[in-house]
Amino acid sequence: MTGSRTGRPPVQRAPRRPASARPARDNPVGRLVTRARKAWDRPLTAYYLILGSSLLITVLGLVMVYSASMITALQLSLPGSFFFRKQFLAASIGAVLLLVAMRVPVKMHRALAYPILAGAVFMMVLVQVPGIGMSVNGNQNWISLGGSFQIQPSEFGKLALVLWGADLLARKQDKAMLAQWKHMLVPLVPVAFMLLGLIMLGGDMGTAIILTAILFGLLWLAGAPTRLFAGVLAVALTIGFVLIKTSPNRMSRLACIGATEPGPNDTCWQAVHGIYALASGGLFGSGLGASVEKWGQLPEAHTDFIFAITGEELGLAGTLSVLALFAALGYAGIRVAGRTEDPFVRYAAGGVTTWITAQAVINIGAVLGLLPIAGVPLPLFSYGGSALLPTMFAVGLLIAFARDEPAARAALAMRQPRFGRKRAAVRGSAGAAGPRRWNTMRRRAAARSSGER
């Protein structure tokens, strides 16, 4: 080693480290997004979303039905909780139907498709029989069950079309028959048009629109070509245009879109007062039970326009919460339909999701003045047992399908045995340690009595 001029050894400098990029600061928003994505991708996310959102919508609906219907019941010389008790009874029966639908295997649902369709058609025919069918608000779509109880068979027609159409399309897909447009349309479209004809005989165009949405949802899921889809849509729009044009009542409802004044003869009274209710609610509402519009100003406050009373009493926060719950339910249904490999599950889940989402959009759109008033209730939320029972059964279908996913099934299978093994292990360890501890204590007591230390 050569020395320096001073005779001292040269100082060895440490090698320079290569310049490296500074570690990026931890982004809390990025972490939140990552955690949210992981949560969305969990196997049981759809299961919990469907169960939780449907339960919250139903419970909040019961509260709002009681608040919105109290004044109407008193005006009819009925107890203030009259409509709430009927809705609570329907929700209790619907909860039983939901649990049954959850536990019934998919094969049983497919076996029930044809009996449910036959029963729905039979009841919809009975509606038109004099002395059996009855008219409510100008629509001949009801059957009296005695007393104050009535049933609307067309609501069960939605469930029948979903189950039967899903089973039909699944059978044809298994046989590779959906590639031909004749097999895709027949007999699905003729049977759907038969149900629509029976509904329109009673004048209920709102329910007919929901049934048409279910039909198009099934055709879309089946992969209908654009030309075929557009052709069926053109026929449906033509029939709808003729039905609206030939009815002064429907034309007046169409003219009330975006109305801010009741107009001549108060034709837009309901639509305008629905807007008044939403506008007076503000951010957090006037308080539960403090609505002004339900005191006779807003017709059908507890049925078709319950969303307006929700906005008036719970404000923008309440209405956005309801919208978020329906969005979560719709997302979960789409996820179940998209991740399954069973064609029946895909068609049925897609049909149920189309049914609930389309009906919610039509009801809320009418209350907001963006769509004509169709007279359809808000699913799981508005008053009406005939609408609540088949909808809760349909939600039970979605829950059963979400539980039947391979990943969800594996997660549930891993979760249940763990709990069982843990309890068994605790019991076994307690049972094994008990005698040992007792014997040790006896030996110590004997040693002390004999003088041992």
Side-chain angles (χ1 to χ4, degrees), residues 61 63-84 86-87 134-142 148 150 152 155 202-207 209-210 244 247-281 285-286 289-314 319 322 359-360 362-379 381-388:
V63 174
M64 293 310 304
V65 164
Y66 181 67
S67 177
S69 64
M70 186 183 301
I71 305 303
T72 304
L74 294 176
Q75 289 175 347
L76 297 174
S77 301
L78 297 171
S81 60
F82 176 76
F83 294 104
F84 168 76
K86 291 182 63 178
Q87 186 74 355
M134 58 180 302
S135 177
V136 176
N137 295 331
N139 292 336
Q140 184 80 13
N141 279 309
W142 297 82
S148 61
Q150 305 162 354
Q152 188 177 5
E155 293 290 340
D204 188 3
M205 191 169 183
T207 305
I209 293 175
I210 305 300
I244 293 174
S247 174
N249 183 29
R250 298 189 185 111
M251 285 297 297
S252 63
R253 291 187 179 187
L254 192 64
C256 291
I257 297 178
T260 57
E261 296 293 336
N265 300 323
D266 294 332
T267 54
C268 299
W269 178 275
Q270 187 179 23
V272 170
H273 278 271
I275 298 296
Y276 290 168
L278 291 171
S280 60
S286 58
S291 170
V292 176
E293 291 293 333
K294 68 182 180 184
W295 288 77
Q297 298 296 324
L298 181 61
E300 307 295 337
H302 59 296
T303 54
D304 301 342
F305 271 70
I306 194 171
F307 188 76
I309 302 300
T310 304
E312 185 180 6
E313 295 187 352
L314 303 183
T319 55
V322 174
Q359 187 164 329
I362 292 174
N363 178 275
I364 296 174
V367 174
L368 295 177
L370 303 176
L371 296 174
I373 300 174
V376 296
L378 190 59
F381 201 84
S382 297
Y383 170 79
S386 296
L388 185 61

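In what follows, residues are counted from 1 in the order of the sequence shown.
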**Q** What distance separates Cys256 SG from Leu371 CG, expressed to the nearest 0.5 Å?
**A**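 Cys256 SG to Leu371 CG: 13.0 Å, rounded to 0.5 Å.
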**Q** What pair of heavy atoms forms the shortest contact from Val65 to Phe381, and how long is it?
**A**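 Answer, listing the atom of Val65 first, then Phe381: CG2-O, 3.6 Å.
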**Q** Okay, side chain of Gln152, backbone of Gly385: is any donor-acceptor separation there less than 3.5 Å?
**A** no
**Q** Apply side chain to side chain contact (heavy atoms under 4.5 Å, CB included) to the pair Leu76 and Phe82, showing each step before the final yes or no.
**A** CA-CA 10 Å; Leu76 297 174; Phe82 176 76; over 6 Å; no
**Q** Would you check, one step at a time, whether the test side chain to side chain contact (heavy atoms under 4.5 Å, CB included) holds for Lys294 with Ser67?
**A** CA-CA 9 Å; Lys294 68 182 180 184; Ser67 177; 3.3 Å; yes
**Q** Going through the checks in order, is the side chain to side chain contact (heavy atoms under 4.5 Å, CB included) test met by Tyr276 and Val292?
**A** CA-CA 10 Å; Tyr276 290 168; Val292 176; over 6 Å; no
**Q** Please name the pair of heavy atoms, one in Phe83 and one in Ser69, separated by the smallest distance, quoted to 0.1 Å.
**A** CB-OG, 3.5 Å
**Q** Would you please classify the geometry between the Tyr383 ring and the His302 ring as parallel, tilted or perpendicular, with 30° and 60° separating the classes?
**A** tilted
**Q** Begin from the C-alpha positions of Val376 and Ile210 and carry the test side chain to side chain contact (heavy atoms under 4.5 Å, CB included) through to its verdict.
**A** CA-CA 9 Å; Val376 296; Ile210 305 300; 4.2 Å; yes
**Q** Has the side chain of Ser247 got a donor or acceptor atom that lies under 3.5 Å from a matching backbone atom of Ile244?
**A** no
**Q** Work out which heavy atom in Ala301 is nearest to a heavy atom in Ala68; give both atom names and the distance.
**A** O-CB, 3.7 Å
**Q** Looking at CD of Glu261 and SG of Cys268, how far apart are the two atoms once the value is rounded to the nearest 0.5 Å?
**A** 10.0 Å
**Q** Using side chain to side chain donor-acceptor pair (under 3.5 Å) as the criterion, list what pairs up with Ser291, not counting sequence neighbours.
**A** Glu312
**Q** Measure across Gly203 and Asn141 and return the closest heavy-atom pair with its distance rounded to 0.1 Å.
**A**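 Heavy atoms only, the tightest pair is N-ND2, 4.2 Å.
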**Q** Can you find a heavy atom in the side chain of Leu254 that is under 4.5 Å from one in the side chain of Pro372?
**A** yes
**Q** Would you say the side-chain atoms of Gln270 and Asp304 include a donor-acceptor pair closer than 3.5 Å?
**A** no
**Q** Can you tell me how far CG of Leu278 sits from CD1 of Ile309, rounded to the nearest 0.5 angstrom?
**A**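 The CD1 atom of Ile309 sits 9.0 Å away from the CG atom of Leu278.
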**Q** Would you give the length of the straight line joining atom CG of Asn363 to atom CD1 of Ile373, rounded to the nearest 0.5 angstrom?
**A** 10.0 Å
**Q** Do Glu313 side-chain atoms and Gly289 backbone N/O form a donor-acceptor pair below 3.5 Å?
**A** yes
**Q** Taking the side chain as C-beta and beyond, is there a heavy-atom pair between Tyr66 and Ser81 under 4.5 Å?
**A** yes
**Q** What pairs with Glu155 under side chain to side chain donor-acceptor pair (under 3.5 Å), at least two apart in sequence or on another chain?
**A**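 For Glu155, the residues satisfying side chain to side chain donor-acceptor pair (under 3.5 Å) (neighbours in sequence not counted) are Lys158.
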**Q** Specify whether His273 and Trp269 have parallel, tilted or perpendicular ring planes, treating 30° as the upper limit for parallel and 60° as the lower limit for perpendicular.
**A** tilted
**Q** Which pair of non-hydrogen atoms, one from Ser382 and one from Leu378, has the smallest distance, and what is that distance?
**A** OG-N, 2.8 Å
**Q** With side chains defined as the heavy atoms from C-beta onward, is the minimum distance between Ile275 and Thr260 less than 4.5 Å?
**A**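 No. Closest side-chain heavy atoms not under 4.5 Å.
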**Q** Which atom names give the shortest non-hydrogen contact between Leu298 and Gly274, and what distance separates them?
**A**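 Answer, listing the atom of Leu298 first, then Gly274: CD1-N, 3.7 Å.
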